[in-house]
Amino acid sequence: MKKQLQTLLYQSLEVLESDEVEVSIEKNDIKIEHTRDPSHGEFATNIAMLLAKKNKCNPRELAKKISINLPKTDFIEHTEIAGPGFINFFLSKNAYQSIVLEILEKGKKYGTSKAGKNKSTLVEFVSANPTGPLHIGHGRGAAYGAAICNLLKKTGYDVRSEYYVNDSGRQMNILTVSTWLRYMELFGEKINFPDNAYQGNYIKDIASELKEKYSDKFIFSNNKIFDNSSNQSSDEKLDTLIDLCMNELGEEKYGVIHKTCLNSILLIIKNDLCSFGVEFDNWYSENSLIENMELNKCISTLENKSWIYEKDGAKWFRSSKHGDVKDRVLVRENGQSTYFASDIAYHKSKFERQYKKIINIWGADHHGYTDRINASMEALGYPSKNLEILLVQFAALFRGKKKLQMSTRSGEFITLKELVTEVGKDAARFFYIMRKSEQHLDFDIELAKSESNDNPVYYIQYAHARICSVFRQMKEKNYSFIQIKKLSDLSVLDDTHEIKLLSSLAKYPDVIENAAISYEPHQLAYYLRELANDFHTYYNANQFLVDNDAIRNARLTLIDATGKVIKDGLLQLGVSSPEEM
RNA sequence: GCGCCUGUAGCUCAACUGGAUAGAGCACCGGCCUUCUAAGCCGGGGGUUAGAGGUUCGAGUCCUCUCAGGCGCGCCA
């Protein structure tokens, strides 16, 4: 409907332009917005105020000229000039009523658009290190990313989701050694388990798994391993331990433990995401970049283009040439490449896989990292404007008023799985996307648990359940229902509550598109709350199952359409729509 | 110290990305069930948008400074 108004306004402006007014504005730049106050009509535009400035004329007079030259149409009842020069559009009742037919005709396609032009899009999110189960902080990224994918799909983008698996590097080695130590414990070895190794109980589970599968295959005793007396720092001790462990076990055995750890934890992560309702199209392994030499190729490419220099025995990338505050190391003095190096190769692959729009969803603690990634893509000749890095602020965790410290290493964290078990998938998903992603989120577990019945998600689901219930009652009471197909049969829907509900239903496509292109799924959550409110109000004010066939059919058709929009909206957010509660 | 994010009702947050009288939910007060689910509806109180300047027809939104909180500034990932 906005598009139609834009066209009408543009036609009016064309008439004026041939007259005396200078109109330097594109049709799509004419801004039309839903009014906040119903007394201002349904839509409003500030076009007259913008053009009055350029033409140095009175905005209200210009507004009047524009509205007089608007082509006649049956869906606009009348226009008004208001305030400093707004043009307000009041729609005819037919315009509102026709929404119902549109919703039912389009079915699940209501709210979809082609704005994305089928552009191939990659959304990478979560990508937590496979060193432990997902915790509550990851949940926010998961819920947000999944909603972004759904919204972009509905807006006409060709979307694929991806999880980048950091299955290489020091953290994985620490995980491997932690597991091996627990394994040794199972054979009665007394271990002084290092503080900075992974403490979680899931490590012990993997150790048991190893023992079951491989029996005593990985046992060796070398007193140096359990000698804790050196005066190295704790990090150095851990690295020494890793080296010793690798040497004693040998590449093959060490590799088996490494792989077992990785697979067990990936399985945990996948299961947790599954019960959270989040699935990925692709899991991209960091290690694969190393094995198939993509990483080396990438570094050579940069070297050939003189983006790399050597200093202090390390290879540095000139990221400062492209906006970063300093240059960054790609290959360390000891010959090992950095995480950043493989990340360049990874992002290069995203461009090579022909994605036109690349979205990364990162925790806000990575914001210092965006400059160097952008710099690396520019250096490789890829436009960094095609790479959109969205930062999600941290979820600070509270139990009542007590702030909990979260650390994967120490094993002190609430897992996503625990959260889903405690508050339910629907409430958790909704809770996470309720607030803007750049807002800090205080996630109070006590509150989420104790108030789960007050959670707004139930309010919305309840509206859907009530609609289903009405149709159940209809059958029980032997009422008939014939879905209305003709606009004239909907003319009985002219009560203020009905018009309000129709008006909200009409906004749905705009809400979806706006939420998608601005990456703000919370807009949809707020919209659904309003829509549910409109329905509940209507429900309390009017009876649907009435004896008058014409009225009953019209009202049931309206609430049928309402239920479908609520269900579709919740689906985008990963929330279910129960038929009874 | 430098950079990024944030500061809106007692609490948790919105405000269609510069629009009209800043809105919801909790909490508080008062009404509504012999009628399709009261997990609901209706009404009420509650604000110097952290503070001070600036930009313009118009600022919670943009610019500058100050204050407060969070995060980041590795040859970690």
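In this text the structure is predicted, and so the values were computed from the model without any measurement. Protein chains get the first letters and strands the later ones, always in sequence-line order, with residue 1 at the start of each.
The separation of B:C29 from B:U61, taken at their C1' atoms, amounts to 34 Å, rounded to a whole angstrom. Comparing the C1' positions of B:A52 and B:G10 gives a spacing of 27 Å, expressed to the nearest Å. Nucleotides B:C63 and B:U21, compared at atom C1', are 27 Å apart to the nearest Å. Comparing B:G74 with B:C13, their C1' atoms are spaced 37 Å from each other, to the whole Å. When the C1' atom is used for both B:G18 and B:A9, the distance is 24 Å, rounded to whole Å.
Residue ring and base: A:Phe86 counts as stacked with B:A20 (centre distance below 5.5 Å, interplanar angle below 30°). Where stacking is scored as ring centres under 5.5 Å apart with planes under 30°, A:His40 registers as stacked on the base of B:A20.
Relative to the six-membered ring of A:Phe535, A:Arg466 misses at least one condition, a distance below 6.0 Å or an angle of at most 45° to the axis. A cation-pi arrangement is absent between A:Arg552 and A:Phe544, since the terminal nitrogen or guanidinium carbon is not both under 6.0 Å from the aromatic centre and inside a 45° cone about the axis.
When distances run from any side-chain atom of A:Gln439 to the nucleotides B:C75, B:G3, B:U6, the shortest one goes to B:U6.
The residue A:Arg36 sits close to a base: some heavy atom pair falls under 4.0 Å. The residue A:Phe471 sits apart from the nucleic acid: no heavy atom pair falls under 4.0 Å. Using a 4.0 Å heavy-atom criterion, one finds that A:Gln461 contacts no nucleic acid atom at all. Contact annotation for A:His522: backbone-only contact, meaning every heavy-atom pair under 4.0 Å involves sugar-phosphate atoms and none involves a base. Residue contacts shown for A:Lys507 are absent, as no nucleic acid heavy atom lies under 4.0 Å away. Note on A:Glu530: nothing from the nucleic acid sits closer than 4.0 angstrom, heavy atoms only. Residue A:Asp312 is in base contact, counting any heavy-atom pair closer than 4.0 Å across all strands shown. Residue A:Phe340 is classed as having no contact, given no heavy-atom separation below 4.0 Å to the nucleic acid. Here A:Gln523 lies in heavy-atom contact (under 4.0 Å) with a base. At the heavy-atom level, A:Asp327 lies nowhere under 4.0 Å from the strands shown. At a threshold of 4.0 angstrom between heavy atoms, the contacts of A:Asn46 include nucleobase atoms, whether or not backbone atoms are also involved. Residue A:Pro456 is out of contact with every strand shown, counting any heavy-atom pair closer than 4.0 Å.
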**Prompt:** What pattern of brackets, bars and dots sums up RNA chain B from 5' to 3', given Watson-Crick or G-U wobble pairs under 3.5 Å, [ ] for crossing pairs and | for another strand?
**Reply:** (((((((..((((.....[...)))).(((((.......))))).....(((((..]....))))))))))))....
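Residue A:Tyr458 places none of its side-chain N or O atoms closer than 4.0 Å to OP1 or OP2 of B:C26. Contact annotation: A:Lys31 side-chain N/O to B:U17 OP1/OP2 distance is under 4.0 Å. The shortest distance between the side-chain N/O atoms of A:Lys436 and the OP1/OP2 oxygens of B:U6 is not below 4.0 Å. Within the structure, a side-chain polar atom (N or O) of A:Arg466 is placed less than 4.0 Å from OP1 or OP2 of B:A38.
Evaluation of the ring pair (Phe, Tyr, Trp, His ring centres under 6.0 Å) test over residues 514-534 of chain A, restricted to residues two or more places apart or in two chains, returns A:Tyr508-A:Tyr527.
Proximity of A:Leu570 to A:Ser576: side-chain heavy atoms (C-beta onward) are nowhere separated by under 4.5 Å.
By the rule that a glycosidic angle within 90° of 0 means syn, B:C33 counts as syn.
In terms of polar N and O atoms assigned as donor or acceptor, the side chain of A:His440 comes within less than 3.5 Å of the base of B:G69 in a complementary pairing.
Ion pairing of A:Lys2 with A:Glu33 is absent here, as no side-chain N (NZ or NE/NH1/NH2) approaches a carboxylate O to less than 4.0 Å. With salt bridges taken as basic N to acidic carboxylate O contacts below 4.0 Å, none links A:Glu162 and A:Lys350. Look at A:Asp510 and A:Lys507 and you find no salt bridge, because none of the NZ, NE, NH1 or NH2 atoms lies under 4.0 Å from a carboxylate O.
B:C13 atom P lies 14 Å from atom CD1 of A:Ile433, rounded to whole Å.
Between the side chain of A:Asn548 and the backbone N or O of A:Ala550 there is at least one donor-acceptor pair closer than 3.5 Å.
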